[in-house]
Amino acid sequence: QVQLLESGGGLVQAWGSLRLSCVISGRASTSAMGWFRQAPGKEREFVAAISYNGAKTYYADSVQGRFTISTDNARTMLLQMNSLKPEDTASYFCVTYYSDYPRDPSHGMDYWGQGTQVTVFS
């Protein structure tokens, strides 16, 4: 059984930093990994993704330059979030993909975590 376990969410003041982690277990093959988020009353949106070997990264325009995604062994993924803004407040979900190199990282997800809450206050 594939499991994605997120951690690292919390409450932070604007311009602060948080680091999210996701541990992936039970998956027989490698895949790209990523993060989505959903704020109350809003659609779920793509945040960032990384190929299984870390060679390629993808970012939403809204987080480019502030967030950094990384992986060290294709089973653990980190999202370093700097210069956080109140509009970054959301539940953040770890995902894996059918592909090692998704053509469009907003599609093609096969597994989801339960989410971790990030709240940024001004």
Side-chain angles (χ1 to χ4, degrees):
Q1 182 179 1
V2 177
Q3 290 187 321
L4 282 63
L5 183 62
E6 304 102 333
S7 62
L11 184 66
V12 64
Q13 193 166 18
W15 300 107
S17 298
L18 279 175
R19 187 172 70 175
L20 304 183
S21 65
C22 177
V23 177
I24 301 160
S25 62
R27 192 181 178 94
S29 60
T30 60
S31 77
M33 300 160 281
W35 293 92
F36 279 69
R37 67 186 181 187
Q38 186 167 22
K42 293 190 175 182
E43 300 262 331
R44 190 166 52 194
E45 63 174 356
F46 166 75
V47 176
I50 189 166
S51 61
Y52 80 102
N53 59 1
K56 185 172 177 61
T57 56
Y58 315 74
Y59 293 97
D61 290 343
S62 58
V63 307
Q64 180 76 49
R66 300 188 298 122
F67 290 11
T68 302
I69 191 170
S70 62
T71 180
D72 54 2
N73 59 9
R75 293 286 184 251
T76 303
M77 175 178 58
L78 301 176
L79 184 68
Q80 178 66 42
M81 305 186 295
N82 298 328
S83 302
L84 283 161
K85 304 174 182 180
E87 51 263 44
D88 294 317
T89 295
S91 292
Y92 283 71
F93 299 88
C94 171
V95 302
T96 57
Y97 292 82
Y98 290 106
S99 169
D100 284 340
Y101 292 92
R103 181 171 298 180
D104 177 358
S106 63
H107 295 88
M109 298 76 68
D110 57 1
Y111 294 100
W112 293 76
Q114 294 296 308
T116 185
Q117 178 66 34
V118 171
T119 302
V120 184
F121 64 95
S122 56

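Only a predicted model underlies this, so the values are computations on that prediction, with no experimental measurement involved. Atom set for the values below is all heavy atoms of this structure, side chains included, hydrogens, waters and symmetry mates excluded.
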Please, which pairs that meet salt bridge (charged side-chain N to carboxylate O under 4.0 Å, His left out) have at least one residue in residues 51-66, sequence neighbours excluded?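 Counting only pairs at least two positions apart or across chains, the salt bridge (charged side-chain N to carboxylate O under 4.0 Å, His left out) contacts touching residues 51-66 are Arg66-Asp88.
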
Can you name the nearest heavy-atom pair linking Leu18 to Gly8, along with the distance?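 So the two residues come closest at CD2-O, 3.9 Å.
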
Using every non-hydrogen atom in the two residues, find where Ser106 and Asp104 come nearest and quote the distance to one decimal. OG-OD1, 2.6 Å

Side-chain contact test, heavy atoms from C-beta onward, threshold under 4.5 Å: evaluate it for [X] versus [Y] and give yes or no.
| X | Y | answer |
| --- | --- | --- |
| Pro102 | Tyr58 | yes |
| Ile69 | Met77 | yes |
| Val63 | Arg37 | yes |
| Trp112 | Cys94 | no |
| Asn53 | Tyr101 | yes |

Apply side-chain contact (heavy atoms from CB on, under 4.5 Å) to Tyr52 and Ser29, showing your working. CA-CA 10 Å; Tyr52 80 102; Ser29 60; over 6 Å; no

With hydrophobic residues grouped by side-chain heavy-atom distances under 4.5 Å, do [X] and [Y] end up in a single group?
| X | Y | answer |
| --- | --- | --- |
| Tyr97 | Tyr111 | no |
| Val47 | Ile50 | yes |
| Val118 | Phe36 | no |
| Met81 | Phe46 | no |
| Leu78 | Leu84 | no |

If you measure from [atom1] on [X] to [atom2] on [Y], what distance do you get to the nearest 0.5 Å?
| X | Y | atom1 | atom2 | result |
| --- | --- | --- | --- | --- |
| Arg75 | Leu4 | CZ | CG | 10.5 Å |
| Phe93 | Met109 | CZ | CE | 12.0 Å |
| Ser122 | Gln13 | OG | CD | 8.5 Å |
| Met33 | Ser70 | CE | OG | 9.0 Å |
| Gln38 | Ser91 | CD | OG | 7.5 Å |

Return yes if some donor-acceptor pair links the side-chain N/O of Thr76 with the main-chain N/O of Val23 below 3.5 Å, else return no.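 A pair under 3.5 Å: no.
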
Are any side-chain N or O atoms of Ser83 and backbone N or O atoms of Trp15, one a donor and one an acceptor, separated by less than 3.5 Å? no

After noting the C-alpha distance and the side-chain angles of Leu20 and Glu6, does the key distance pass the side-chain contact (heavy atoms from CB on, under 4.5 Å) rule? CA-CA 7 Å; Leu20 304 183; Glu6 304 102 333; over 6 Å; no

Relative to each other, are the rings of Tyr92 and Phe67 parallel, tilted or perpendicular (30° and 60° limits)?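 Tilted.
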
Hey, mind stepping through Leu5 and Gln114 against side-chain contact (heavy atoms from CB on, under 4.5 Å) and telling me if it holds? CA-CA 7 Å; Leu5 183 62; Gln114 294 296 308; over 6 Å; no

Residues that Asp100 engages under side chain to side chain donor-acceptor pair (under 3.5 Å), provided they are two or more places apart: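 Expected list: Thr30.
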
Can you list everything that forms a salt bridge (charged side-chain N to carboxylate O under 4.0 Å, His left out) with Glu87? Sequence neighbours excluded, please. none

Between Arg27 and Asp110, is a side-chain contact (heavy atoms from CB on, under 4.5 Å) present by the stated rule, with each step listed? CA-CA 11 Å; Arg27 192 181 178 94; Asp110 57 1; 2.8 Å; yes

Does Arg19, at its CZ atom, have more than 12 non-hydrogen atoms belonging to other residues, nucleotides or ligands within less than 6.0 Å?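 Incorrect, the count does not exceed 12.
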
